[in-house]
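Right, one structure below, let's go through it.
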Amino acid sequence: MVSVLGGGAFGTALAISLAQKSPVILWARAPEDMAQNRENKARLPGCELPEAITVTGDLALAIKDDILLVAVPLQSLRGFLAGHADAFTGKTIVACCKGIELSTGAGPATVIAETIPSATSAILTGPSFAADIARGLPTALTLACAEDAAGARLQQALTTANLRIYRTTDTAGAELGGALKNVVAIACGAAMGAGLGESARAALMTRGFAEMQRFAAHRHADPATLSGLSGFGDLTLTCTSQQSRNYRLGLALGSGSDFDASTTVEGAATARAMHEVAVKNALEMPITAAVTGLLDGSLDVKSAMASLLNRPLKEE
Ligand SMILES: NC(=O)c1ccc[n+]([C@@H]2O[C@H](COP(=O)([O-])OP(=O)(O)OC[C@H]3O[C@@H](n4cnc5c(N)ncnc54)[C@H](O)[C@@H]3O)[C@@H](O)[C@H]2O)c1
Ligand SMILES: O=P(O)(O)OC[C@H](O)CO
């Protein structure tokens with residue numbers, strides 16, 4: 001059996017998807033409302049929880065299963081795993097989060113390997129909105145696991161009628177694609193929010209993709225992974241849809257409107273983390289630098305765009 005740890009939008013959607021095949025335990029920090037109303041009103045309203053889902057706040061019960069999908073935000077992943085390290089020993093842990101740690105520059109597969117070395121670690125990533133998965137709309141994701149046999153087992157276990165899963169052993173590429181596309185989505189939202197137009201967005205997506213490839217090469221990821229669902233696929237979705245929280249944060253920054261600070265926006269911390277790694281390693285990441293400036297208030301969108309346009313001309 002599979003357990004899902006994390007009762008936010010994505011954890012709930014994955015549990016709903018898996019419940020088509022078998023019973024699922026969904027662990028949440030505050031399970032009461034979901035358990036009582038059979039709906040995650042706070043994060044995924046309008047999606048009924050099937051009977052096959054047991055909602056619990058008892059982590060020991062959830063961790064009994066062998067396959068554990070962990071859907072907490074990336075910046076919380078290390079603390080969450082380390083806080084229950086004994087219980088996670090020897091398990092198969094699939095990180096369902098996207099980002100790079102601010103304190104270390106590590107992605108989710110590395111965080112699992114460092115905190116629970118005895119675990120088999122994997123990542124589930126790619127273009128998908130929780131609401132689409134929960135509604136049973138067709139979706140394709142990437143499962144990355146360095147051990148191919150374990151990856152194949154997970155691929156089988158997590159595939160459902162509407163959720164098609166591809167697999168790779170390139171965990172570095174999969175974790176970077178999912179993390180970095182969020183930063184580009186903030187940039188695209190900001191450009192659209194400031195009224196700079198769709199041509200500007202296309203330029204940011206393309207040059208943002210070049211930054212993703214550069215960063216991934218620095219981490220020895222396979223360039224082909226970046227061209228797949230977890231990279232190009234998720235970049236396309238996130239930079240073009242108002243369902244994306246990263247894109248919506250960008251829209252708010254660009255248009256000067258308010259944004260609910262309690263929203264999970266992985267790209268904000270990831271932009272800062274990437275920028276630090278880029279500066280330290282002399283990687284050219286001007287869009288990431290511009291997003292970092294927008295987030296800390298040192299740049300506005302028009303001057304950020306001007307700084308990108310005024311860079312020395314170069315070959316593509
Ligand atoms: N929502 C989507 O459409 C979607 C799709 C694909 C991937 N993701 C990824 O899933 C991850 C989670 O996002 P989400 O959409 O579920 O966010 P969310 O804000 O809806 O939920 C986050 C959940 O994590 C819990 N949480 C936070 N810190 C915790 C901790 N220390 N211990 C235990 N629980 C903790 C919160 O209580 C909350 O229930 C992110 O990395 C996101 O990029 C989300
Ligand atoms: O709402 P976002 O911006 O976190 O995007 C959700 C998923 O990552 C899209 O694949």
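Computed over heavy atoms, backbone and side chain alike; hydrogens, waters and symmetry mates excluded. Counting starts at 1 for both ligands and their atoms, following the listed order. Being a predicted model, the structure only gives us computed values, none of them experimental.
- Distance alone, capped at 3.5 Å, is enough to place a donor-acceptor pair between the Asn281 side chain and the Val277 backbone.
- Within 6.0 Å of NZ in Lys21 there are more than 12 heavy atoms belonging to other residues, nucleotides or ligands.
- Residue pairs meeting the side chain to side chain donor-acceptor pair (under 3.5 Å) criterion with at least one member in residues 50-76, sequence neighbours excluded, are Ser3-Asp65.
- Of the heavy atoms in Lys98, both backbone and side-chain atoms come closer than 4.0 Å to ligand 1.
- By heavy-atom distance, the residue among Thr238, Thr264, Val265 lying nearest atom 19 (O) of ligand 1 is Thr264.
- The environment of CD in Gln20 is crowded: more than 12 heavy-atom neighbours from other residues, nucleotides or ligands sit within 6.0 Å.
- Counting only heavy atoms from C-beta outward, the side chains of Val184 and Lys181 never approach each other to under 4.5 Å.
- With a 4.5 Å cut-off between side-chain heavy atoms of Ile, Leu, Val, Met, Phe, Trp and Tyr, the cluster of Ile25 takes in Met1, Leu61.
- Each of the atoms 10 (O) of ligand 2 lies under 4.0 Å from some heavy atom of Pro127.
- Looking only at heavy atoms of the protein, atom 26 (N) of ligand 1 is closest to Arg29 NH2, 3.5 Å.
- Those atoms of ligand 2 with a heavy atom of Gly126 less than 4.0 angstrom away are 10 (O).
- Atoms of ligand 1 found under 4.0 Å from any heavy atom of Ala130, numbered from 1 in the order shown, are 1 (N), 2 (C), 3 (O).
- For atom 5 (O) of ligand 2, the choice among Glu266, Gln242, Lys181, Arg248 with the nearest heavy atom turns out to be Lys181.
- Ligand 1 is never approached by Gln243 to a heavy-atom distance shorter than 4.0 Å.
- Residue contacts with ligand 1: Ala28 is excluded, as none of its non-hydrogen atoms falls under 4.0 Å.
- Looking only at protein heavy atoms, the nearest one to atom 12 (C) of ligand 1 is Ala71 O, 4.0 Å.
- The shortest distance between side-chain heavy atoms of Glu175 and Thr110 falls below 4.5 Å.
- The ligand atoms of ligand 2 that sit less than 4.0 angstrom from a heavy atom of Asn246 are 2 (P), 3 (O), 4 (O).
- Of the N and O atoms on the side chains of Thr89 and Asp86, not one donor lies less than 3.5 Å from an acceptor on the other residue.
- Note that CG of Asp132 is 11.5 Å distant from CG of Leu163, once rounded to the nearest 0.5 Å.
- Residue Gly7 has at least one heavy-atom neighbour below 4.0 Å for each of these atoms of ligand 1: 39 (O).
- Closest protein heavy atom to atom 9 (C) of ligand 2: Ser128 O, 3.3 Å.
- The shortest N/O to N/O separation between Lys98 and ligand 2 falls below 3.5 Å.
- Using a 4.0 Å cut-off to heavy atoms of Leu237, the atoms of ligand 2 that qualify are 9 (C), 10 (O).
- Protein heavy atom in closest approach to atom 22 (C) of ligand 1: Pro73 CD, 3.9 Å.
- Residue contact check for ligand 1: Gly79 places no non-hydrogen atom closer than 4.0 Å to it.
- What sits closest to atom 16 (O) of ligand 1 on the protein, heavy atoms only, is Phe10 N, 3.0 Å.
- Remark: ligand 1 and Gly6 share no N or O pair separated by less than 3.5 Å (distance only, no angle test).
- For Arg164 and Tyr166, the side-chain atoms include at least one donor-acceptor pair closer than 3.5 Å.
- Shortest contact from atom 4 (O) of ligand 2 to any protein heavy atom: Arg245 NH2, 3.0 Å.
- Between Cys96, Gly11, Ser244, Pro31, it is Cys96 that holds the heavy atom closest to atom 11 (C) of ligand 1.
- Geometrically, ligand 1 and Trp27 share no nitrogen or oxygen pair separated by less than 3.5 Å.
- Residue Ser244 has at least one heavy-atom neighbour below 4.0 Å for each of these atoms of ligand 2: 1 (O), 2 (P), 3 (O).
- Annotation: Arg38, atom CZ; neighbour count of heavy atoms from other residues, nucleotides and ligands within 6.0 Å is above 12.
- Between Leu237 and Gln243, every side-chain heavy-atom pair lies at or beyond the 4.5 Å cut-off.
- Within the 4.5 Å cutoff, no side-chain heavy atoms of Leu141 are placed close to those of Leu229.
- Thr160 and Ser17 share a side-chain donor-acceptor pair at under 3.5 Å.
- Residue Asn182 places no N or O, backbone or side chain, under 3.5 Å from any N or O of ligand 1.
- Residue, atom and distance of the protein heavy atom nearest to atom 20 (O) of ligand 1 are Ala9 N, 2.8 Å.
- The shortest N/O to N/O separation between Asp234 and ligand 2 falls below 3.5 Å.
- Counted by atom type alone, Asp296 and Ser298 present one or more donor-acceptor pairs between their side chains at under 3.5 Å.
- Close N/O approach between Phe129 and ligand 1 is not found [any backbone or side-chain N/O within under 3.5 Å].
- Counting heavy atoms of neighbouring residues, nucleotides and ligands inside a 6.0 Å radius, atom CZ of Phe232 does not exceed 12 of them.
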